[in-house]
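Some notes on the structure that comes next.
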Amino acid sequence: MRKIVAGLFISLDGVTQAPDTWHFPYFNDEMGAAVGALSASADTMLLGRRTFEEFASYWPSATDEMAAQMNNTPKLVVSTTLDSVDHSQNSTLVEGDPIKSLTALKEGPGKDLSVVGSSTLVRSLLRAKVLDELHLLVHPIAVGHGARLFDEGETVPLELVSATTFSTGVLHTVYRPV
C-alpha cells in the first residue's frame with residue numbers, strides 16, 4: 001500500500017511560506033540526503049494550487065540538476081479553483097472529491113505520493129486523516145511573517161516517529177497522525 005508523505009521546510013515560528021528566502025543558508029549534504037530519500041521513496045508528487053503554479057513557472061525552463069526529475073515526475077494537483085493544468089508537463093488535476101481520489105490511489109500500486117510544499121493541502125490531508133507521515137525540516141530561524149503550517153483551527157495530535165539533528169541546527173522530525 002502506498003503512503004501519502006509530506007515534506008516541508010519550516011521555521012521555528014511555523015512559517016512554511018517562501019522558504020527560498022530563508023532556507024538556503026541551512027542546506028547541506030545532510031539535508032540533501034534527507035530530501036533525496038523522500039523523493040526516492042515516491043513516484044508521484046501531490047501539489048496544491050499555489051505550489052503547482054510556482055513549480056509550473058520555474059521548473060520547465062530550469063536547467064539545474066533537479067530539473068529533469070522535477071519535470072519528469074508525475075504531478076497530481078489538488079485545487080478547487082483551477083480548471084486545467086495542461087500547460088505543465090506530467091501534471092493532472094485531481095477531479096471530484098480529492099480525498100476519495102487520493103484514498104483510492106493509496107490502495108493502488110506504486111511508490112509513495114509525496115506532498116511537496118503545499119501547506120494548505122497538508123492541513124487538509126491531516127484533517128481528513130489521509131496523510132501518513134509528516135516530515136518537517138525545522139530551521140533554526142524565526143522568520144516573523146508569512147503563512148504558517150498551523151494557524152488557528154482544530155487540534156491535530158501527532159506521534160513523533162524520529163528526530164535527527166543536522167550540523168546546521170536543522171531538525172528533521174517525522175510525525176505520524178495519532
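What you see is a predicted model; the values in this text were computed from it and never measured.
- Note: R123 CZ to L134 CG = 12.0 Å, rounded to the nearest 0.5 Å.
- The aromatic rings of F27 and F24 are tilted relative to each other, their planes meeting at an angle between 30° and 60°.
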Query raised in the report: Step by step, would you call F52 with S79 a side chain to side chain contact (heavy atoms under 4.5 Å, CB included)?
Result: CA-CA 9 Å; F52 167 72; S79 172; over 6 Å; no
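- Atom CG in L126 sits 12.5 Å away from atom OH in Y175 (nearest 0.5 Å).
- The aromatic rings of H139 and H23 stand perpendicular to each other, their planes meeting at an angle above 60°, with 30° marking the opposite boundary.
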Requested in this report: Evaluate side chain to side chain contact (heavy atoms under 4.5 Å, CB included) for F9 paired with V35, printing each intermediate quantity in order.
Outcome: CA-CA 10 Å; F9 300 132; V35 171; 4.1 Å; yes
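- Cluster membership check: L38 does not share its hydrophobic cluster with L102, using side-chain heavy-atom separations under 4.5 Å among Ile, Leu, Val, Met, Phe, Trp and Tyr.
- A pairwise comparison of heavy atoms in V115 and L131 identifies CG2-CD1, 4.5 Å as the closest pair.
- Hydrophobic clustering (ILVMFWY, side-chain heavy atoms < 4.5 Å, transitive): V138 and L158 are in one cluster.
- Distance check: D29 CG to T168 OG1 gives 11.0 Å after rounding to the nearest 0.5 Å.
- Placement of L93 and L47 within a single hydrophobic cluster is found when ILVMFWY residues are connected by side-chain heavy-atom separations under 4.5 Å, directly or transitively.
- More than 12 heavy atoms of other residues, nucleotides or ligands shown are found within 6.0 angstrom of CG on D64.
- Expressed to the nearest 0.5 Å, how far CZ of R176 lies from CG of L160 amounts to 9.5 Å.
- One finds the CG atom of L76 at 9.5 Å from the CD1 atom of I4 (value rounded to the nearest 0.5 Å).
- You'll find the side chain of R148 reaches within 4.5 Å of the side chain of D13, heavy atoms only.
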Report task. Begin from the C-alpha positions of F55 and M45 and carry the test side chain to side chain contact (heavy atoms under 4.5 Å, CB included) through to its verdict. Result -> CA-CA 11 Å; F55 279 24; M45 279 189 247; 4.1 Å; yes
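- With W22 contributing its side chain and Q17 its backbone, the two residues share a donor-acceptor pair below 3.5 Å.
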Query raised in the report: For L121 and T51, what are the C-alpha separation, side-chain angles and deciding distance, and is it a side chain to side chain contact (heavy atoms under 4.5 Å, CB included)?
Result: CA-CA 10 Å; L121 177 58; T51 303; over 6 Å; no
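- Residues S11 and I141 share a closest heavy-atom pair of CB-O, 3.1 Å.
- For residues 99-115, the side chain to side chain donor-acceptor pair (under 3.5 Å) pairs, not counting sequence neighbours, are K106-D132.
- For CG of D83, the number of neighbouring non-hydrogen atoms (other residues, nucleotides, ligands) closer than 6.0 Å is 12 at most.
- L12 and I10 fall within a single hydrophobic cluster, where Ile, Leu, Val, Met, Phe, Trp and Tyr side chains are chained together by heavy-atom contacts under 4.5 Å.
- Residue V122 is grouped with residue L136 when hydrophobic side chains (ILVMFWY) are merged at heavy-atom distances under 4.5 angstrom, including chains of intermediate members.
- In this structure the side chain of V78 never reaches within 4.5 angstrom of the side chain of L125, judged on heavy atoms.
- Judged by distance alone, the side chains of S167 and E30 do bring a donor and an acceptor atom under 3.5 Å apart.
- The backbone N or O of V116 lies less than 3.5 Å from a partner atom in the side chain of S118, making a donor-acceptor pair.
- Panel note: side chain K75, backbone T73; a donor-acceptor pair is recorded below 3.5 Å.
- Closest heavy-atom contact between M31 and F166: CA-CE1, 3.6 Å.
- Sorted by first and then second residue, the salt bridge (Lys or Arg N to Asp or Glu O under 4.0 Å) pairs with a member in residues 36-50 read R2-D43, R49-E53; sequence neighbours excluded.
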